[in-house]
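Here the structure comes first, spelled out in structure tokens, and everything after it is commentary.
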Amino acid sequence: KSRLYQASAYFLGKTIAELPLFFVIPSVFVSICYPMVGLREGWNYYLICLGIVVLVANVATSFGYMISCASSSISMALSIAPPIVIPFLIFGGYFLNADTIPNYFKWLSYFSWFRYGNEALMINQWDGIESIYCNSTSVNQTTMCFNNGEEVLEKFSFNPDNFLWDIFALVFLIVIMRIGA
């Protein structure tokens, strides 16, 4: 406010100062949840999952910065963020299968960090899994049993070849949104 330094210097300083926080919190979250949920065993899978979650958290933070910088007040930012985020969430591949999204809405999924994070995490979990145990006695007509990880990925229309593209897209979204902020 006293104009001792430029807004860009403040923004850069704030971003750098908060960066460790946006690595620590997702790391604690993944470190607790990963073994509790019983995700794929192996340090490499855990570390990949951790990296993806850190990237998603940083994209979400970058989106928050961008919305905050574009808004004149906190109440305005809180009013415009949800209507923008909800379509990204809906068309991110978790609630709707990517193949069932109408063509005129597909473009929304390309801006969705939920899509890239979800696909990368699913690939990390299921790619290369050759058999999945399914207790047939507890299966009813609404439960699906998959034989292998490939079937799981096909069900959600995820392609293992997109893994590096998903990581690149998350990094790209971080950079674009920070520049936008």
Side-chain angles (χ1 to χ4, degrees), residues 15-66 81-82 85-99 101 108-140 142-178:
T15 299
I16 292 170
E18 291 178 343
L19 200 57
L21 181 68
F22 297 123
F23 279 92
V24 171
I25 291 175
S27 298
V28 170
F29 171 77
V30 170
S31 296
I32 293 170
C33 290
Y34 197 89
M36 287 181 70
V37 173
L39 295 176
R40 196 169 184 178
E41 292 182 15
W43 279 99
N44 54 332
Y45 300 111
Y46 163 77
L47 292 174
I48 290 169
C49 177
L50 178 63
I52 294 165
V53 172
V54 165
L55 284 173
V56 170
N58 280 282
V59 175
T61 301
S62 300
F63 176 77
Y65 284 159
M66 189 174 71
V85 170
I86 295 300
F88 293 150
L89 182 60
I90 290 172
F91 298 117
Y94 185 74
F95 295 110
L96 289 176
N97 187 309
D99 284 344
I101 298 172
L108 284 170
S109 71
Y110 295 115
F111 297 103
S112 173
W113 57 93
F114 300 106
R115 170 194 175 187
Y116 300 116
N118 187 26
E119 183 174 37
L121 287 170
M122 291 282 283
I123 292 168
N124 184 52
Q125 176 65 27
W126 296 111
D127 188 38
I129 299 291
E130 294 183 10
S131 77
I132 299 173
Y133 172 75
C134 186
N135 186 355
S136 60
T137 59
S138 66
V139 174
N140 57 34
T142 60
T143 305
M144 294 183 68
C145 280
F146 297 102
N147 294 318
N148 55 45
E150 185 179 330
E151 287 181 10
V152 175
L153 294 175
E154 283 178 14
K155 166 75 173 145
F156 291 97
S157 302
F158 292 147
N159 184 351
D161 295 336
N162 290 346
F163 183 78
L164 288 178
W165 166 249
D166 294 330
I167 302 302
F168 171 75
L170 289 170
V171 172
F172 181 75
L173 285 172
I174 291 171
V175 171
I176 291 300
M177 288 185 192
R178 297 280 171 129

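Keep in mind that the numbers below use all heavy atoms, side chains included, and drop hydrogens, waters and symmetry copies. Throughout, residue positions are numbered sequentially from 1 according to the sequence presented.
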Under 4.5 Å between any side-chain heavy atoms of Ser62 and Leu173, yes or no? no

I want to check something: taking the side chain as every heavy atom from C-beta on, are Val28 and Ile32 in contact at a cut-off of under 4.5 Å? yes

Separation between OG (Ser109) and CD1 (Ile101), nearest 0.5 Å, reads 5.0 Å

For Asn124 and Tyr45, the nearest pair of non-hydrogen atoms, with its separation, is ND2-O, 3.0 Å

Please examine the side chains of Tyr65 and Thr61, heavy atoms only from C-beta on, and report whether any two atoms are closer than 4.5 Å.
yes

**Message:** Please evaluate residues Tyr116 and Phe168 with respect to the criterion side-chain contact (heavy atoms from CB on, under 4.5 Å), reporting the C-alpha separation (whole Å), side-chain torsions for both, the decisive distance (0.1 Å), and the verdict.
**Reply:** CA-CA 9 Å; Tyr116 300 116; Phe168 171 75; over 6 Å; no

Separation between CG (Asn162) and CD1 (Ile167), nearest 0.5 Å, reads 11.5 Å

Here the pair of heavy atoms bringing Pro35 nearest to Val30 is CD-O, 4.1 Å

Nearest heavy-atom contact between Ser112 and Gly92 is OG-CA, 3.6 Å

CD1 (Ile123) and CG (Asp166) are apart, to the nearest 0.5 Å, by 5.5 Å

d(Leu50 CG, Ser31 OG) to nearest 0.5 Å is 6.0 Å

Output for pair (Glu150 CD, Ile129 CD1), nearest 0.5 Å, gives 12.5 Å

Please work out which of the three classes, parallel, tilted or perpendicular, describes the rings of Trp113 and Phe63, given edges at 30° and 60°. tilted

- Query: Side-chain contact, heavy-atom cut-off 4.5 Å: Val56 with Leu121?
  - Reply: no

Requested in this report: Test Tyr34 against Arg40 for side-chain contact (heavy atoms from CB on, under 4.5 Å), laying out the working first.
Outcome: CA-CA 8 Å; Tyr34 197 89; Arg40 196 169 184 178; 3.9 Å; yes

| task | Indicate the ring-plane relationship of Trp43 and Tyr46, choosing parallel, tilted or perpendicular according to the 30° and 60° boundaries. | result | perpendicular

For a 4.5 angstrom cut-off between non-hydrogen side-chain atoms, does Leu19 reach Asn58?
yes

Arg178 and Thr15 have their tightest heavy-atom pair at NH1-CG2, 2.6 Å

Can you find a heavy atom in the side chain of Trp126 that is under 4.5 Å from one in the side chain of Ile132?
yes

On a heavy-atom basis, the closest approach of Pro160 and Leu153 is CG-CD1, 3.7 Å

Val53 and Phe29 have their tightest heavy-atom pair at CG1-CD2, 4.4 Å

- Does the side chain of Ile48 come within less than 4.5 Å of Phe163's, by heavy atoms? yes

To the nearest 0.5 Å, atom CD of Glu154 lies from atom CG of Asn148 at 8.0 Å

request  = For Gln125, look at atom CD and say whether over 12 heavy atoms of other residues, nucleotides or ligands are found less than 6.0 Å away.
outcome  = yes

Checklist line | Phe111 atom CZ, over 12 foreign heavy atoms within 6.0 Å | finding: no

